[in-house]
Structures are given as structure tokens and as C-alpha cells.
Amino acid sequence: MTDKDCYAVFGYPIKHSKSPQIHRLFAEQTQQLLEYTAQEVLAERFKDSVNVFFSQGGKGLNCTLPLKELAWAFADRRTERAELSKAVNTLALQGDGSLLGDNTDGCGLIADLTGNHGISLEGARILILGAGGASRGIIAPILGHSPNHLTIVNRTPEKAIALATEFSILGDVEGCSFADIQGQQPFDLIINATSASLTDEMPPLADDLLAAEGVCYDLAYGNKPTSFVRWGAAHNARKSLDGLGMLVEQAAEAFFLWRSIRPQTKPVIAVLNAERGFS
Ligand code: ATR
């Protein structure tokens with residue numbers, strides 16, 4: 001390793017990760033001397049790879065698919081939001097040599113929605129599509145913003161119902177099937193947390209599900225609008241956004257945890273959007 005503080009993102013696949021570029025831009029902007037690399041790590045090699053990284057002087061790690069649950073189990077201590085999401089995307093070496101596990105995904109989404117796009121969650125009717133790990137990480141932060149109501153819908157409804165039951169202590173949340181949401185009062189905000197966009201598929205949504213002036217947000221992102229972002233645009237969404245802003249915001253929160261300095265995110269989002277030809 002170099003004499004710079006070393007950070008990395010572990011995951012598989014990881015080749016196309018934008019995290020090294022994002023953290024390089026944060027470091028330049030805040031004049032921090034650090035190195036951030038992307039390392040392909042399979043689940044079965046996770047523990048060994050983390051041990052090697054920190055024994056060689058690493059200071060902090062991001063963990064992405066399929067490693068977030070493993071990182072949660074590996075951390076010595078966890079923040080409350082990591083505990084709630086049962087997943088860790090950020091490991092930070094502490095002064096006593098222990099590893100703190102955090103999950104910055106949920107606050108990254110909230111920062112992008114409210115800070116970058118001026119979308120208020122308070123009093124809103126919100127629908128989350130999907131009931132996997134990505135959904136779990138955003139439920140508590142959303143309920144923390146006092147929506148009028150939160151519905152979680154899933155192809156396998158039992159998973160949505162179980163998630164809603166688990167989080168019901170935090171607010172008004174219900175789980176259901178796609179058939180159950182047909183004909184319901186339309187939603188102000190629909191968030192796609194399924195993995196459907198990764199294969200350019202679309203969850204089965206009725207045409208009248210989005211309220212007038214409603215917003216669509218896909219946690220996934222790509223160099224072209226995802227199928228769900230296209231659906232939102234075709235259904236007259238006031239905004240139909242993908243998760244690139246959330247990616248940068250969760251990275252900024254991790255950077256803050258590691259370096260105690262909060263980088264500006266808007267210029268970094270602008271660079272990444274320009275590179276993919278988005279205005
Ligand atoms: P992640 O950690 O990214 O959330 P996951 O835990 O595998 O990944 O969850 C994927 C989610 O996307 C699930 O809610 C899945 O629905 P099922 O639980 O019924 O499998 C949902 N999903 C994936 N492809 C989908 C599709 N084409 N249409 C609707 N939902 C889909």
C-alpha cells in the first residue's frame with residue numbers, strides 16, 4: 001500500500017463501479033490525500049479479503065452486492081441504521097482497531113430526493129416496489145420523514161407483508177401484492193427497489209398508479225434511462241429519476257464517516273451526468 005490512507009469498494013461484479021471516481025473527486029475537492037480502489041471480491045472470499053485489506057493498513061471499505069449482509073455480520077459494532085437495514089455498505093476502522101459498520105444507502109436516497117430534487121416526503125403517499133435488501137435499507141429512513149402512508153408491493157407478497165410488519169412500529173406501512181394495489185388511490189412517490197431494471201424489465205404496474213404531479217425514483221441507474229424511469233416519463237411523472245444521485249450521496253456520507261469532512265455532491269453528480277449525456 002502507499003503512504004496515502006487507503007479505501008476500497010468490494011463487490012462482484014465491480015468493474016463498472018463509479019465509486020473510485022466519486023471518491024477521487026471528493027478527495028480532490030476537499031484536499032484529502034487518499035487512495036480508493038475497486039476490488040472484485042466473491043462472497044466466499046469476503047472475510048479473508050477484508051482481513052488482508054485492514055492488516056495492510058486500510059482505513060475504510062464500501063461493500064456492495066453481494067456482500068452487504070456479510071459486512072453486517074463481520075462488523076464489530078453497527079450504527080442504528082445499519083442494524084435496522086441488516087446490511088452494511090460502509091466499514092470504518094476505529095481508533096481502537098475495531099470495525100464500525102454503517103449503512104448510508106437510506107440517507108443517500110433521502111438526501112437526493114429532498115436535498116437535490118426538492119421532493120418532500122412529509123404527508124406523501126409512497127409506494128416501494130420490491131421487498132429485497134434494497135427495500136429493507138430505505139424503509140426506516142422514509143418512515144422517519146412522516147409520509148401519510150407507505151405501501152410495499154412485491155411479486156412474492158409474503159415478503160412485503162413480513163417487511164411491513166417488521167417496520168410497522170415506525171409508522172403506517174403495509175405490504176401487499178401487485179394485484180392488491182390495482183385501483184388504490186394513486187401514489188405521490190413510487191420508488192423502484194426491485195432488481196427488474198438490471199434486466200430492463202418492468203414490475204407489473206397499472207397505468208393509474210401515479211398521482212398527478214407524482215414522482216418516480218429508481219434505485220438502479222445506468223448510462224441510459226432504466227425501464228422504470230421510462231415508465232415514469234411515459235406516465236407524466238413530474239420527475240422520473242434514477243439512483244445516480246443516491247449513489248453519490250451515500251458515498252458522501254461514507255466519506256464523512258471516514259474523513260469527518262462532508263464533500264459537496266452536486267458538482268460530482270454533474271460530472272457523472274455529463275459523462276453519460278444526461279443534462
Ligand atoms: P436486492 O438486494 O437488490 O433488493 P433481492 O434481495 O434479490 O435484491 O430482491 C430483488 C427484489 O426485486 C425482490 O423483491 C424481487 O421480487 P421477489 O421477491 O418476488 O423475487 C424483485 N424483482 C426482481 N425482478 C422482478 C421483476 N421482473 N418484477 C417484479 N419484481 C422483481
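Just the heavy atoms: all of them, side chains too, but no hydrogens, waters or symmetry mates, feed the values below. For ligands, and for the atoms within them, numbers begin at 1 and follow the listed sequence.
- A donor-acceptor pair shorter than 3.5 Å cannot be found between the side chains of Y7 and N62.
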Under 3.5 Å: N or O atoms of ligand 1 paired with protein N or O:
| unit_1 | atom_1 | unit_2 | atom_2 | d |
| --- | --- | --- | --- | --- |
| ligand 1 | 2 (O) | G133 | N | 3.4 |
| ligand 1 | 4 (O) | G133 | N | 3.0 |
| ligand 1 | 4 (O) | A134 | N | 2.9 |
| ligand 1 | 6 (O) | G133 | N | 3.3 |
| ligand 1 | 12 (O) | S195 | N | 3.1 |
| ligand 1 | 14 (O) | A131 | N | 2.9 |
| ligand 1 | 14 (O) | N154 | OD1 | 2.7 |
| ligand 1 | 16 (O) | N154 | OD1 | 3.2 |
| ligand 1 | 18 (O) | N154 | ND2 | 2.9 |
| ligand 1 | 18 (O) | K159 | NZ | 2.6 |
| ligand 1 | 19 (O) | R155 | NE | 3.3 |
| ligand 1 | 19 (O) | T156 | N | 3.0 |
| ligand 1 | 19 (O) | T156 | OG1 | 2.5 |
| ligand 1 | 20 (O) | R155 | NH2 | 2.8 |
| ligand 1 | 27 (N) | E201 | OE1 | 3.0 |

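- A distance of 4.5 Å separates OG1 of T265 from CD1 of I269, quoted to the nearest 0.5 Å.
- A salt bridge does not link R78 to D102: none of the charged side-chain nitrogens sits closer than 4.0 Å to a carboxylate oxygen.
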| task | Please test K18 against L247 for side chain to side chain contact (heavy atoms under 4.5 Å, CB included), starting from the C-alpha separation and ending with a verdict. | result | CA-CA 9 Å; K18 294 184 190 291; L247 176 79; 4.0 Å; yes
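- Side-chain N/O atoms of R45 and Y12 include no donor and acceptor closer than 3.5 Å.
- Side-chain rings of F255 and F26 approach one another, their centers coming within less than 6.0 Å.
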